[in-house]
2 protein chains.
Amino acid sequence: MTGRVAGDQVTIADVARHAGVAASTVSYVLSGKRAISATTRGRVLASVRALGYHPNAGARALASRRANVIALVLPLRTGMQVPVVMRFATAVVTTARRHDHDVLLVTADEGPAGLHRIAGSALVDGVLLMDVELEDSRVPLLRELALPGVLIGHPTDSSGLACVDLDFRRAGELCVEHLAGAGHRRVALLGAPAAVYARGTGFAHRTRAGVLAAADRFGVDAVARPCEEGPAAVRRDLEALLADHPDVTGLVVQNESAVGPVLATLPLLGRRVPRDVSVVAVCPDELAEQSGLTGVPVPAEEVGRQAVTLLMRRLRDEPVPEVTLLEPRLTVRETSGGARR
Amino acid sequence: MTGRVAGDQVTIADVARHAGVAASTVSYVLSGKRAISATTRGRVLASVRALGYHPNAGARALASRRANVIALVLPLRTGMQVPVVMRFATAVVTTARRHDHDVLLVTADEGPAGLHRIAGSALVDGVLLMDVELEDSRVPLLRELALPGVLIGHPTDSSGLACVDLDFRRAGELCVEHLAGAGHRRVALLGAPAAVYARGTGFAHRTRAGVLAAADRFGVDAVARPCEEGPAAVRRDLEALLADHPDVTGLVVQNESAVGPVLATLPLLGRRVPRDVSVVAVCPDELAEQSGLTGVPVPAEEVGRQAVTLLMRRLRDEPVPEVTLLEPRLTVRETSGGARR
DNA sequence: CACGGTCGTCGAAGCGCTTCGACGCACCGG
DNA sequence: CCGGTGCGTCGAAGCGCTTCGACGACCGTG
């Protein structure tokens with residue numbers, strides 16, 4: 001019987017009556033918190049299905065002090081890598097559902113007050129914080145509120161928290177290692193928009209650090225530049241870069257929206273890819289594949305899954321590692337090759 | 001006092017004690033459902049602030065039979081216009097918050113069962129359905145569940161529902177009117193991916209219909225083609241189109257991810273924009289601005305705001321119009337001009 | 001055979017809030 | 001001066017669920 005009409009809510013008492021047991025027994029069948037005989041369990045479950053029973057979320061939350069809802073705090077600021085965020089969000093929802101939790105969407109523009117509200121009203125059991133900055137004001141708040149939380153990205157001080165992130169530093173290193181290994185002696189990072197660095201966003205800073213460190217290690221010249229969004233801006237920034245450093249033969253791009261324009265612009269500037277310039281990107285796998293890009297994919301799904309899993313552990317008061325860094329892997333495709341002599 | 005620690009929840013009883021009134025009085029102050037003297041109200045509000053009181057969401061939902069949460073059902077299928085969805089989502093969250101509601105993120109892959117669950121458990125008071133297809137299986141379900149809902153996009157049969165959408169048909173017409181007015185006699189629509197048409201997604205079908213109807217009306221030749229995602233695919237589809245119809249001088253693009261590649265590819269095919277070919281797009285404003293595109297912006301924020309507002313009305317049992325179509329407007333920028341003679 | 005120990009079930013007590021009816025009080029008109 | 005009428009406040013009764021302690025029934029053991 002699929003067609004239950006809302007309004008005439010089926011309650012646990014209805015199920016109990018239908019199955020000829022006490023309401024508490026129904027509860028125990030559903031939660032598994034006490035042993036119930038197979039026959040009783042069978043009868044109860046049959047009644048549940050027959051009546052189309054769904055526990056009332058509010059009542060359950062009130063009585064059990066668990067809402068079975070987690071909050072996903074999305075930034076939605078300028079310079080965001082929208083498709084990455086989206087894939088991440090779906091992974092979070094899917095994984096949370098698998099743990100019998102729902103996801104409340106919170107935008108960062110409510111700011112710290114939003115966290116207070118959510119914590120105070122017991123709307124959610126825990127929080128997933130995205131786009132964490134190196135010095136993020138929400139982080140101490142999270143600690144203070146004693147609200148179980150998992151961060152995507154990691155702040156400078158991650159003590160007492162749980163963070164998940166791609167190891168962007170290593171990703172930056174990988175890109176340069178690849179280029180250096182192919183004989184490139186002068187490389188450049190075309191990074192995130194300047195505003196993103198200014199905010200102190202971890203992934204941007206860490207990638208840059210990785211690029212520069214690896215360049216240093218390999219004795220390669222490296223220059224790092226921010227890059228704004230939009231085809232025209234990308235083109236301008238790229239032209240400026242190549243004007244200032246005409247002998248760059250390896251380009252690391254970490255700006256999803258710049259990838260297309262960069263590949264489109266290089267030929268116009270007289271540089272063929274990969275003959276004259278090799279391009280390596282840190283961007284969603286999808287995009288890289290479409291454009292035949294060599295690069296390090298950002299595993300949005302994997303991060304989302306891990307984040308939820310960690311949060312669920314915290315909700316069960318299990319110990320979780322403070323920092324979980326995913327190992328980046330570089331995929332070689334068509335946009336990179338040996339350096340021109 | 002901002003720093004309240006979760007765990008020692010402040011209850012309405014605490015506030016009542018602190019203010020020297022009954023709990024019910026506090027409730028009435030907060031809800032405004034009964035007259036309360038100014039002095040009492042003042043004292044209560046002061047106590048609320050002093051204690052950092054936030055009503056327990058579960059208890060409130062249980063007692064009032066309103067969760068103050070709405071569900072946003074996102075599709076997240078292939079061929080989605082991700083940034084549009086995102087901007088839409090933020091507008092929804094922001095507007096909902098303004099009406100004192102939170103937003104639960106539900107992905108369509110839970111399917112109709114998800115709606116059943118959500119309705120049955122009284123988790124949410126209403127539903128926003130995105131990416132509605134012409135014959136959408138969720139629509140009859142919504143009617144049957146008597147779950148207040150607002151659709152983004154509109155199905156063939158919208159009776160008894162509330163829909164909000166940009167008038168895509170009109171948008172398609174506007175594009176062709178603009179081109180025809182500039183003297184173009186042969187135009188083409190480079191549309192959404194084939195899968196989107198196959199699903200019967202309203203906006204794609206309606207735009208195409210508008211383009212073809214206006215072309216007919218103006219005595220202009222028109223051809224409509226789907227267009228897959230990814231730079232390589234776009235390039236292929238565009239080349240094929242121009243090979244089959246070399247005399248097309250006006251191009252309508254309705255595929256966010258195709259805009260960049262189209263503009264990049266046309267010069268390579270020996271067509272300058274707008275000298276040889278005019279390009280008009282139906283896409284997010286942001287993108288159009290960045291690329292100097294003439295086109296009809298998709299007002300994601302406006303749709304989101306309207307949708308929430310309508311849903312709030314429905315929750316208050318106020319009558320709402322069955323279909324709300326937003327009037328599209330065409331913005332002329334640099335990619336369109338007079339037809340070459 | 002009496003005893004303690006499980007196992008399976010039940011009843012009742014809340015969880016924190018809203019809401020309904022009742023009540024006390026001041027103020028009005030007759 | 002008294003009864004009616006609002007107004008402002010209070011107390012109590014749930015909302016539907018979980019959970020705790022209790023209680024038979026049944027088992028094995030000394």
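From a predicted model like this one, the values you see are computed outputs, not experimental measurements.
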**Request:** Give a yes/no on whether any side-chain N or O of B:Y28 is located under 4.0 angstrom from OP1 or OP2 of C:dC17.
**Result:** no
**Message:** With nearest nucleotide decided by heavy atoms, which residue, A:V21 or B:S27, maps closer to the 5′ end of DNA chain C?
**Reply:** A:V21
**Message:** Between A:S121 and B:A57 (side chain of the first, backbone of the second, donor and acceptor by atom type, cut-off under 3.5 Å), is there such a pair?
**Reply:** no
**Prompt:** How long is the line joining CZ of A:R17 and C1' of D:dG16, in whole Å?
**Reply:** 13 Å
**Pairwise side-chain hydrogen bond (donor to acceptor under 3.5 Å, both in side chains) hits with a residue in residues 307-316 of chain B, at least two apart** = B:R316-B:E318
**Prompt:** Can you find a side-chain donor-acceptor pair between B:E322 and B:S159 that sits under 3.5 Å?
**Reply:** no
**Item:** Atom pair distance, as rounded to whole Å: CG in A:N56 and C1' in C:dC17
**Value:** 13 Å
**Asked** Among residues 311-318 of chain B, which contact DNA chain C at a heavy-atom distance under 4.0 Å?
**Response** none
**Asked** With A:V48, which of A:I12, A:V10, A:L30 fulfils side chain to side chain contact (heavy atoms under 4.5 Å, CB included)?
**Response** A:L30
**Prompt:** Does D:dT19 have OP1 or OP2 sitting under 4.0 Å from an N or O in the side chain of A:K33?
**Reply:** yes
**Message:** With a 4.0 Å cut-off on N to O distance, would you call B:R143 and B:D157 a salt bridge?
**Reply:** yes
**Minimal non-hydrogen separation, B:L123 against B:A67, with atom names** = O-CB, 3.2 Å
Any N/O pairs under 3.5 Å between the protein and nucleotides 4-8 of chain C? List them or say none.
none

**Item:** Residue pairs involving residues 17-35 of chain A (criterion salt bridge (Lys or Arg N to Asp or Glu O under 4.0 Å); sequence neighbours excluded)
**Value:** A:D14-A:R17
**Message:** Listing request: all salt bridge (Lys or Arg N to Asp or Glu O under 4.0 Å) pairs with a residue in residues 120-129 of chain A, at least two apart in sequence or in separate chains.
**Reply:** A:R66-A:D125
**Prompt:** For A:R87, does its backbone N or O pair with a side-chain atom of A:T90 as donor and acceptor, under 3.5 Å?
**Reply:** yes
**Asked** For B:L62 and A:G58, which heavy atoms make the closest approach, and how far apart are they?
**Response** CB-C, 4.4 Å
**Message:** A:V124 and side chain to side chain contact (heavy atoms under 4.5 Å, CB included): which single residue from A:V103, A:I118, A:V106 fits?
**Reply:** A:I118
**Item:** Distance in angstrom units between B:I12 CD1 and C:dT19 P, rounded
**Value:** 11 Å
Produce the list of close N/O pairs, under 3.5 Å, pairing protein atoms with atoms of nucleotides 12-15 of chain D; give distances to one decimal.
{"from": "D:dC15", "atom 1": "O3'", "to": "B:R65", "atom 2": "NH2", "distance (Å)": "2.8"}
{"from": "D:dC15", "atom 1": "O2", "to": "B:A63", "atom 2": "N", "distance (Å)": "3.4"}

